[in-house]
Each structure stands twice: as C-alpha cells, then as structure tokens.
**Student:** 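Can you read through this structure? Questions will come right after.
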Amino acid sequence: INYLMIWFLRKMFLPHPEPMNMILIHKKNIINNLEVLQSLQPKAEILPVLKSNAYGHWLKQVVKIIKKLDVPYLVVDSFPEYMIVKKYTKQNILLLWETLPDNYRYFNFKKTAFCVYNSKTLEELWKIWREVRIHVFLNTGMNREWIDEDNLDSFLNTLKQYQNIEIEWVMSHLHSADNAYSNYIDQQIDLFKKMYYKIVEAWYSPKWRHIWNSAWLMKINDDFFNAYRPGLAMYGYNPLSVNDEKFNQWKRLKPALSVLSTVISKHNLKYWDWVSYGHTYRSMDTEIVANIPFGYAEWLPRSVANKIVFRMWKKYFKQVWTVCMNLSSFLIDKSVSLYDEVEIISENQSSKNTIKNLVDQNGMIIYEFLVWLDKGIRREVI
C-alpha cells in the first residue's frame with residue numbers, strides 16, 4: 001500500500017513535462033516485420049538483433065514488444081546493452097561482441113551465451129568455473145576479429161582443456177550481402193562449411209549454424225543454415241539496393257519509427273527577406289516561416305537543408321534554410337499555429353518524408369540515420 005501511495009503522489013505532484021520532440025515506435029509494424037521474416041525461412045530459428053540501442057529505436061521499448069516471442073536468443077552488442085535487456089525479459093541473450101573479463105561475474109550464465117573470437121576469451125570464460133555456452137565466430141572473409149581457418153585447430157585444442165565450455169552455435173557474417181549477388185558470398189559459405197565440419201571432426205556437435213543477416217535472408221536456400229540474425233529488416237527497412245532482383249520482395253516490410261516535433265515560432269517574411277545562418281534562401285514573395293526545436297544535435301543533418309519536406313495533417317511543407325544545432329525552419333501557410341505537431345519522419349512508406357527519402361537526399365545509409373537519433377528524445381510505443 002505504501003508503494004502505491006508513493007506512486008500516486010509522484011504522478012499527482014511531480015512534474016511530468018510533455019516533450020516538444022518525440023519518437024514513436026509502432027508496435028504493430030515490428031510484429032508485422034517479424035511475421036514477414038519468419039515466413040521467408042519457416043524452418044530456421046530467428047535471433048532478433050537489438051544491438052546499437054535496437055537500431056536507434058530504444059532498447060527497452062523494443063524488448064518489451066518482443067519479450068513474448070519464442071526465440072533462442074535476443075542479440076545485443078555490449079555488456080551495457082545486456083544489463084538493460086535482462087531487466088525486461090526472461091529470454092536468453094546472446095552477447096555479440098567482447099567484454100572486459102571483469103564483467104563476466106555479472107552475467108546470468110543460464111540465460112546468456114557469448115560469441116567467442118579467440119583463445120584468450122576461452123581462458124577468461126574458463127576461470128568463471130561455471131557452465132558456459134558459446135557461439136564460435138568464424139572468419140569467412142571479413143578479416144576483422146574472428147577465428148581464422150589457420151587458427152581453428154589451435155583454438156579447438158585450447159577449448160578441449162576447458163570442460164565447462166560448450167560450443168552451442170557456429171556463426172559468421174556476410175561482407176557483401178546488401179550488394180547484388182556475387183561469387184564472394186558462395187566463397188564465404190563454402191569456407192564456413194569447411195570450418196564447421198572441422199569442428200565436428202574434433203568431436204564437437206554444435207546444433208545451430210547462422211550466417212544470414214537481413215539482406216541475404218531470401219537469397220540462400222540451404223537447409224544447412226538453421227538460424228538467422230535479422231537487424232534492419234526487423235525494423236521495417238529494405239536491406240537491398242534498388243537494382244537487386246530481390247528488392248521488391250521486401251515490400252511487405254513496414255518501418256517502425258516516426259519522428260515528431262512542435263511548432264515553437266512563426267515569422268512573416270517580406271519580399272527579399274533572409275533567414276538564419278548563411279542566408280542560403282531568400283524569400284521571393286511574402287511568406288510565413290515556422291521553426292521547430294529539432295536540428296543536427298537532435299539528428300537532422302545540415303546536408304539535407306532545402307531538400308526535404310515535413311508533414312502536418314495531410315499537407316507537406318518544405319524545409320528551408322540552414323539546419324541549425326537545435327532548430328529547423330520550414331515554409332507554412334496560415335492554417336499552422338504555435339504548438340502544432342509536425343511530422344519530420346513518417347512510418348508510411350508512401351509518404352514523402354520517410355527515412356528512405358532522407359537517405360536519398362544525403363548519400364548516407366539507413367543504418368547511420370537510425371543509430372544517430374538522439375538518445376535524449378523520448379520514445380513511446382504505440
């Protein structure tokens with residue numbers, strides 16, 4: 001009763017300010033995207049990728065959306081992300097990258113598996129003196145921090161010393177999956193299989209094999225691979241280039257994010273008036289300009305200035321002049337009032353103000369736009 005009273009008093013008397021900027025996470029779209037992905041590979045297990053703050057969508061909210069999903073693991077990038085996810089779900093968690101050895105004592109080893117890239121990590125996991133499940137990360141052509149073919153025998157010999165460590169999965173990553181088809185992918189797959197069977201010959205029996213990401217999910221019809229790690233597609237974005245023959249098969253995906261702001265000022269312009277830094281636009285007539293508290297500090301890059309539109313109700317308004325640190329300007333008509341809501345980014349793919357349109361105007365990639373969204377902007381699931 002005391003806790004309920006405290007909660008009630010906080011709700012009644014503590015300030016709960018409404019934000020001027022808001023990111024909406026569309027729950028039904030994430031669920032739709034997962035259903036689309038599962039329909040493409042119904043025999044394989046799905047491992048939802050939540051790394052990098054769930055691709056900018058906000059880790060806590062996305063975990064709550066999918067916490068009842070029956071999956072072997074949720075995939076996170078780092079120890080701090082693991083600490084967030086474990087608070088909101090009882091699902092198993094896969095740590096994709098390394099962590100400092102001192103952090104291992106904070107993990108629940110019954111609910112966690114670790115990607116392993118080298119023998120030193122094996123040694124640190126052995127020191128835990130607990131049963132540990134690992135995913136062996138094979139280098140099939142990326143040449144970053146994974147186990148090379150030349151080092152695999154040595155790695156396996158080291159592993160035999162540590163009876164508490166179990167190879168549960170074998171995995172790798174495709175380096176050119178979002179490009180049109182090339183023989184390099186076949187070479188990666190062939191090398192993966194060669195290294196996998198070497199692990200089997202060493203008397204290990206990993207049950208699961210995963211190399212698919214979103215981009216290559218529908219391109220590989222090979223029952224050898226029985227799990228996959230979707231990232232970008234789970235959030236509703238086509239991972240393929242427009243010239244890819246499979247591009248149109250992703251039309252069922254629905255972007256899961258929209259971005260809103262608020263009109264905070266209006267100004268009447270006369271003919272030949274300048275506005276903002278650099279005077280990059282000059283009024284050719286009597287016009288009205290509005291401003292929102294959303295600039296490059298919040299996420300909107302200066303390079304898109306004068307190239308994009310915002311939406312209010314069912315009307316589009318052109319963004320004009322320099323994108324400032326915390327402000328952006330756009331031309332309006334007399335129907336717009338102070339504190340009206342402005343849609344910067346729409347989740348509707350047919351709109352003119354999607355992330356895809358923003359990317360096309362900027363030359364960046366969707367991944368960058370998503371993960372750069374300011375973490376201080378409130379996210380709400382709808």
Side-chain angles (χ1 to χ4, degrees), residues 23-97 107-115 133-135 168-171 173 206-218 220 223 225-239 249-258 347 367 370-371 379-382:
I23 295 173
L24 300 182
I25 310 302
H26 298 263
K27 178 179 178 179
K28 64 180 181 180
N29 290 4
I30 289 181
I31 293 172
N32 168 81
N33 299 334
L34 287 168
E35 291 173 349
V36 170
L37 290 166
Q38 289 173 320
S39 71
L40 294 173
Q41 296 291 344
K43 296 180 180 180
E45 295 283 0
I46 184 171
L47 283 70
V49 177
L50 305 179
K51 69 172 186 171
S52 301
N53 199 25
Y55 283 54
H57 290 68
W58 209 248
L59 201 50
K60 172 183 172 181
Q61 282 86 339
V62 175
V63 170
K64 287 184 175 182
I65 291 173
I66 64 174
K67 67 179 181 180
K68 294 184 179 180
L69 192 68
D70 183 18
V71 295
Y73 289 97
L74 302 179
V75 182
V76 299
D77 185 48
S78 62
F79 173 62
E81 287 188 347
Y82 165 84
M83 296 297 286
I84 294 171
V85 171
K86 77 169 189 174
K87 290 171 58 178
Y88 300 103
T89 182
K90 294 182 179 180
Q91 292 156 296
N92 293 330
I93 302 172
L94 172 64
L95 186 70
L96 190 60
W97 301 119
F107 286 92
N108 178 351
F109 286 85
K110 293 182 179 180
K111 305 293 292 183
T112 311
F114 302 87
C115 294
R133 302 191 304 274
I134 65 171
H135 295 214
E168 185 182 35
W169 303 61
V170 176
M171 62 188 294
H173 194 55
K207 181 180 180 182
W208 304 100
R209 302 165 293 277
H210 53 111
I211 194 172
W212 292 328
N213 54 6
S214 295
W216 211 253
L217 189 58
M218 64 174 63
I220 300 178
D223 290 339
F225 298 103
N226 54 13
Y228 58 99
R229 310 182 305 271
L232 193 67
M234 189 176 85
Y235 303 101
Y237 299 97
N238 194 328
Q249 295 188 29
W250 286 104
K251 285 186 175 180
R252 289 186 291 159
L253 296 177
K254 297 180 179 180
L257 175 149
S258 55
E347 83 288 356
Y367 300 87
L370 291 175
V371 301
R379 271 77 163 171
E380 288 192 1
V381 176
I382 61 171

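Being a predicted model, the structure only gives us computed values, none of them experimental.
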**Student:** With rounding to the nearest 0.5 angstrom, report the CZ to CD1 distance, R379 to I23.
**Tutor:**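 R379 CZ to I23 CD1: 3.5 Å, rounded to 0.5 Å.
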**Student:** Is the CG atom of N108 crowded by more than 12 outside heavy atoms at less than 6.0 Å?
**Tutor:**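 Enclosed.
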**Student:** Could you measure the distance from the OG1 atom of T89 to the CD1 atom of I65? Nearest 0.5 Å is fine.
**Tutor:**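 Nearest 0.5 Å value for the OG1-CD1 distance: 12.5 Å.
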**Student:** Judged by atom type as modelled, is there a donor-acceptor pair below 3.5 Å linking the side chain of N226 to the main-chain atoms of R209?
**Tutor:**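 Yes.
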**Student:** Mind checking the CD-CG spacing from Q249 to L40? Nearest 0.5 Å is all I need.
**Tutor:**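 Those atoms lie 8.0 Å apart.
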**Student:** Taking all non-hydrogen atoms of both residues, which atom of W212 and which atom of A227 are closest, and how far apart?
**Tutor:**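 Between these two residues, the closest heavy atoms are CE3-O, 3.5 Å.
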**Student:** For the pair R252 (side chain) and N32 (backbone), establish whether a donor and an acceptor sit closer than 3.5 Å, ignoring hydrogens and angles.
**Tutor:**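 Such a contact is absent between R252 side chain and N32 backbone.
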**Student:** Please assess K51 against V76 for the test side chain to side chain contact (heavy atoms under 4.5 Å, CB included), listing each intermediate value before the final yes or no.
**Tutor:** CA-CA 4 Å; K51 69 172 186 171; V76 299; 5.8 Å; no
**Student:** L370 versus Y237: any side-chain heavy-atom pair under 4.5 Å?
**Tutor:**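 The answer is yes, as the side chains (C-beta and beyond) meet within the 4.5 Å cut-off.
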**Student:** Quick check: closest heavy atoms across G231 and V49, and the distance to 0.1 Å?
**Tutor:**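 Closest approach of G231 to V49: CA-CB, 4.0 Å.
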**Student:** If you define the side chain from C-beta out and look only at heavy atoms, does anything of L37 sit under 4.5 Å from Y228?
**Tutor:**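 Yes, close enough: below the 4.5 Å cut-off.
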**Student:** Going by the ring pair (Phe, Tyr, Trp, His ring centres under 6.0 Å) test, name the single residue among F114, Y73, W208 that passes it with H135.
**Tutor:**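 Going through the options one by one, the only one that passes is Y73.
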**Student:** With a 4.5 Å cut-off on side-chain heavy atoms, are M171 and L96 touching?
**Tutor:**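 Side chain of L96 against side chain of M171, heavy atoms only: contact under 4.5 Å found.
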**Student:** Within a strict 4.5 Å, meaning less than it, do heavy atoms of the L94 and C115 side chains meet?
**Tutor:**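 With C-beta onward as the side chain, the pair touches.
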**Student:** Run the side chain to side chain contact (heavy atoms under 4.5 Å, CB included) check on L95 and F107 step by step: do they pass?
**Tutor:** CA-CA 10 Å; L95 186 70; F107 286 92; 4.0 Å; yes
**Student:** Has the side chain of Q91 got a donor or acceptor atom that lies under 3.5 Å from a matching backbone atom of V63?
**Tutor:**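 No, the answer is negative, given that no donor and acceptor are paired below the 3.5 Å cut-off.
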**Student:** Would you give the length of the straight line joining atom CD of Q38 to atom CD of E45, rounded to the nearest 0.5 angstrom?
**Tutor:**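 Atom-to-atom, Q38:CD and E45:CD are 9.0 Å apart.
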**Student:** Return the minimal non-hydrogen interatomic distance between N238 and L232, and the atom names on each side.
**Tutor:**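 Here N238 and L232 meet closest at O-CD2, 4.2 Å.
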**Student:** Between Y235 and Y367 (judged by ring centroids, cut-off 6.0 Å), do the two rings come close enough to count as a pair?
**Tutor:**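 Distance test on ring centres: not under 6.0 Å, no.
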**Student:** Is the backbone of A113 close enough, under 3.5 Å, to the side chain of E168 for a donor and an acceptor to pair up by distance?
**Tutor:**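 No, E168 side chain to A113 backbone: no donor-acceptor pair under 3.5 Å.
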**Student:** In Å and rounded to the nearest 0.5 Å, what is the CH2 to CG distance from W58 to L257?
**Tutor:**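 Reported value, rounded in 0.5 Å steps: 12.5 Å.
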**Student:** If you count every heavy atom of other residues, nucleotides or ligands that lies below 6.0 Å from K207 atom NZ, does the total exceed 12?
**Tutor:**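 No.
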**Student:** Please evaluate residues N33 and K254 with respect to the criterion side chain to side chain contact (heavy atoms under 4.5 Å, CB included), reporting the C-alpha separation (whole Å), side-chain torsions for both, the decisive distance (0.1 Å), and the verdict.
**Tutor:** CA-CA 7 Å; N33 299 334; K254 297 180 179 180; 4.1 Å; yes
**Student:** Are K87 and K60 close enough, and set up right, to give a side chain to side chain contact (heavy atoms under 4.5 Å, CB included), and what steps lead you there?
**Tutor:** CA-CA 9 Å; K87 290 171 58 178; K60 172 183 172 181; over 6 Å; no
**Student:** Is any side-chain heavy atom of Y88 less than 4.5 Å from a side-chain heavy atom of K67?
**Tutor:**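 Result no, sub-4.5 Å side-chain heavy-atom pair not found.
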**Student:** Would you call H26 and I382 a side-chain contact if the rule is heavy atoms closer than 4.5 Å?
**Tutor:**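 With C-beta onward as the side chain, the pair touches.
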**Student:** Report yes or no: does S258 contribute a side-chain atom to a donor-acceptor pair with the main-chain N or O of E347 at less than 3.5 Å?
**Tutor:**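 Checked: no pair found.
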**Student:** Hey, does V371 have a side-chain heavy atom less than 4.5 Å from the side chain of N53?
**Tutor:**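 Side-chain contact under 4.5 Å: no.
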**Student:** Taking all atoms of both residues into account, what is the closest heavy-atom pair of L253 and A233, and its distance?
**Tutor:**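 That closest heavy-atom pairing would be CD2-O, 3.6 Å.
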**Student:** Determine whether I66 and L50 make a side-chain contact, defined as any pair of heavy atoms from C-beta on separated by less than 4.5 Å.
**Tutor:**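 In short, these two side chains touch, coming nearer than 4.5 Å.
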**Student:** Looking only at non-hydrogen atoms, find the nearest pair between P255 and N29 and report the distance.
**Tutor:**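 Closest heavy-atom pair between P255 and N29: O-ND2, 2.7 Å.
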**Student:** Would you give the length of the straight line joining atom CD of Q61 to atom CG of L24, rounded to the nearest 0.5 angstrom?
**Tutor:**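 So the gap between those two atoms works out to 11.0 Å.
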**Student:** What are the two closest non-hydrogen atoms of R133 and F109, and how far apart are they?
**Tutor:**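 Looking at all heavy atoms of both residues, the closest pair is NH1-O, 3.6 Å.
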